[in-house]
Amino acid sequence: MGIKKILVANRGEIAIRIMKGAKELGIKTVAIYSTADKEALHIRFADESVLVGEAPSIKSYLNMDKIISIALKLKVDAIHPGYGFLAENPIFAQKCETRGITFIGPNSTALALVGDKIEARETVKKVGVPLIPGVSGGEGEEFVTIAKKIGYPIMIKASMGGGGKGMHIVGNESELLQTIEKSKREAYSSFGDATIYLEKYIKNARHVEFQVLADKHGNVVHLFERECSIQRRHQKIIEETPSLALDEELRERMGEAAKKVIKACKYTNAGTVEFLLDEEKNFYFLEVNARIQVEHPITEMTTGVDIVKEQILIAEGEKLSFRQEEITQKGHAIEARIYAEDAENNFLPSPGEIYYLHEPHFPGLRVDSGIYSGSKVPPHYDPILAKLIAWGENRESARKRLIVGLKDYVILGIKTPIKYLIDILEHPEFREGKTYTNFLEKNMKNWSPKEEIEVALIGAIVGEKKKEKEKKIIKKEEITSSPWNELGKWELGGR
Amino acid sequence: MGVGGKMKEEVFSYKGKKYKVKWEERKGEVIINEKKKYKIKQITKLTDNILVVNVEDKVYTLYLEIVGEEYFLFVNGVSYFLEKIEKTTYTKTSSLKPISTSVTSPMPGLLVKLLVKEGMRITSGEVVAIVEAMKMENELRSPITGVVKSVNAKEGEQVQAFTPIVELEPKK
């Protein structure tokens with residue numbers, strides 16, 4: 001069942017990542033784009049590109065029937081959904097299946113099962129993998145009674161959730177109902193389903209997840225863990241592998257539990273099993289992420305496995321080409337996510353135009369990016385711009401390399417949290433590996449960047465000079481010796 | 001614009017503060033806010049957007065882009081957004097941005113919740129509306145204590161950036 005052409009039903013860095021993977025396998029790619037993305041970078045990496053619809057996601061990247069009709073018209077063999085948008089939508093997967101298009105992801109039944117977090121919990125419970133105490137179902141005032149039974153603080157989660165959308169911690173009863181309402185609204189707008197459930201909130205926990213690959217022949221392997229404890233609004237921003245919290249014995253046990261979950265859900269393709277790890281090293285199943293994940297590169301950097309390629313091969317019906325004992329981890333990798341947001345202003349989204357971009361390039365660094373100098377960041381979609389991933393022979397070298405890389409990552413025109421990310425990585429508690437899910441709240445709450453405004457002002461007048469020089473060239477004024485005029489010589493082409 | 005020897009001057013604003021920058025080309029001297037003096041020893045232009053500047057023997061790589069009166073800079077991991085302002089406005093001591101009496105969204109988005117009605121009393125910092133953009137809900141708060149004068153949008157509507165959603169009247 002050879003795949004010759006893939007439609008990538010996504011945008012930004014992940015669409016590009018997938019297209020690169022497909023290209024390496026000799027597979028043609030089709031990009032779709034909305035009216036807001038006519039000049040987006042992902043189009044450049046495709047062999048064909050088709051306008052899918054208007055800017056709002058619902059009319060473009062979430063427009064299932066339109067995407068399928070494009071796929072049929074262009075005779076694509078498979079659709080890769082990336083992450084977000086339609087990636088975990090069983091209805092879409094099923095539509096692909098019925099129209100004879102391979103959906104690069106799990107089959108629609110497994111997708112429906114793991115996508116319903118409540119149903120997934122029930123399935124996992126049966127195979128003896130531990131769960132966080134929690135309850136699903138309920139209406140209005142019933143939640144008050146349920147929450148009291150579980151005990152505060154409580155975590156509200158969207159049943160169809162992912163990416164922190166609709167997820168909120170509630171400290172006491174007075175905030176419960178209004179926060180539930182907020183969660184439901186967010187859940188509805190992100191997933192089209194307002195169902196939520198409550199879980200006990202575990203303090204001083206680490207978020208540890210296992211990357212799993214499962215082929216259609218019953219073979220399941222894991223590619224070790226990723227620790228993603230550094231989260232803001234339950235959205236991961238820095239991820240690393242391996243986790244300092246695991247020893248060989250625990251890694252083995254958690255990896256086996258992850259495989260058990262995948263088998264119990266009859267899941268195929270690439271997936272991630274998320275766990276919370278408490279201070280006593282008890283782990284609890286959270287959910288299965290049925291997609292390629294934002295943080296997949298750190299696993300690729302340490303195992304050498306190309307997860308996107310494996311996804312395509314599995315979708316083609318190939319058997320996994322390696323067994324568990326053949327997979328090893330080498331060194332350490334850390335990823336930092338770069339969003340269009342204002343770290344100094346409550347992380348408000350910062351759409352706009354990127355006037356200038358400079359990406360760091362040196363050994364051990366990987367840039368997964370969806371932007372260029374001059375590209376526009378529309379307000380309609382998830383604000384992720386790019387990811388910077390550093391590999392090192394150990395954690396400390398990966399950490400330092402990532403800092404050096406971020407200091408050389410320049411995005412002018414819109415706000416990004418680059419300095420915030422640097423400050424997290426340089427924080428003594430991060431350096432010591434004290435990474436818990438409350439890290440940012442504990443250590444970065446009143447953060448502001450340490451500035452060198454004088455240097456920036458000097459830069460501004462030098463820039464001023466640059467503009468003036470352009471006028472001067474026309475006037476052909478005399479050149480005297482000063483730093484500015486040396487600048488001028490450069491502009492005149494090294495006269 | 002004179003030749004070397006003459007002092008030049010520009011005023012920039014950054015995060016609501018004003019900075020007067022004076023410099024003299026021939027000496028390579030920069031004075032900020034009439035007090036701090038910096039000696040610039042070398043400027044090298046690597047590309048249109050990258051400058052290497054030696055200030056007091058310390059080397060800085062500056063990334064910059066100028067769009068009209070807006071200056072975008074990046075130095076050592078920190079981004080700066082400066083605005084050049086007219087020298088005449090600088091002489092006035094009034095604060096740069098008058099306190100707003102309206103509630104606006106900093107970005108375009110969907111107005112998902114409107115929590116006030118015309119005539120309602122409101123205190124500074126109170127949540128007035130919730131706007132969803134990039135799939136996140138953002139709370140818009142009242143900049144002042146007062147009364148709601150008018151409401152210009154409805155729930156479920158798209159709102160533009162920096163367009164008043166709610167107008168307020170200050171009242172103690």
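Per chain, numbering begins at 1; letters A, B, ... match sequence-line order.
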**Prompt:** Going by distance alone, is a donor N or O of one side chain under 3.5 Å from an acceptor N or O of the other, for A/Tyr356 and B/Asp48?
**Reply:** no
**Request:** May I ask you to check whether B/Tyr14 and A/Glu451 show a side-chain donor-acceptor distance below 3.5 Å?
**Result:** yes
To check you understand the geometry: which heavy-atom pair defines the closest contact between [X] and [Y], and what is its length?
X: B/Tyr80; Y: A/Glu452; value: OH-N, 2.7 Å
X: B/Leu64; Y: A/Gly459; value: CD1-O, 3.8 Å
X: A/Ala460; Y: B/Tyr71; value: O-CE2, 3.5 Å

Side-chain touch [X]/[Y], heavy atoms, less than 4.5 angstrom:
X: B/Asn138; Y: A/Pro349; result: yes
X: A/Arg185; Y: B/Ile130; result: yes
X: A/Lys407; Y: B/Asn76; result: no
X: A/Asp408; Y: B/Tyr63; result: yes
X: B/Val30; Y: A/Ile461; result: yes
X: B/Leu73; Y: A/Leu412; result: no
X: A/His358; Y: B/Phe74; result: no

**Fill in**
If one checks every heavy atom of B/Lys58 against chain A at 4.5 Å, the contacting part turns out to be neither
**Electrostatic pair A/Glu181:B/Lys113 at N-O distance under 4.0 angstrom** = yes
**Message:** Salt bridge or not between B/Lys15 and A/Glu344? Use side-chain N to carboxylate O under 4.0 Å.
**Reply:** yes
**Request:** May I ask you to check whether over 12 heavy atoms, not counting those of A/Glu426, lie within 6.0 Å of atom CD?
**Result:** yes
**Request:** Please indicate whether A/Tyr188 has more than 12 foreign heavy atoms, meaning atoms of other residues, nucleotides or ligands, lying under 6.0 Å from its OH.
**Result:** no
**Prompt:** What residue in B/Leu82, B/Val112, B/Thr61 has the most heavy-atom pairs under 4.5 Å with chain A?
**Reply:** B/Leu82
For [X], which atoms come within 4.5 Å of any heavy atom of chain B: side chain, backbone, both, or neither?
X: A/Ile453; answer: both
X: A/Lys182; answer: both
X: A/Leu406; answer: backbone
X: A/Tyr409; answer: backbone
X: A/Pro56; answer: neither

**Message:** Can you tell me which of A/Ile411, A/Leu348, A/Ile422 forms the most heavy-atom pairs within a distance under 4.5 Å of chain B?
**Reply:** A/Leu348
**Prompt:** Between B/Ile40 and A/Ile458, does a side-chain contact (heavy atoms from CB on, under 4.5 Å) hold up when you go through it step by step?
**Reply:** CA-CA 9 Å; B/Ile40 298 177; A/Ile458 291 167; 3.3 Å; yes
**Request:** Mind checking the CG-NE2 spacing from B/Leu110 to A/His380? Nearest 0.5 Å is all I need.
**Result:** 12.0 Å
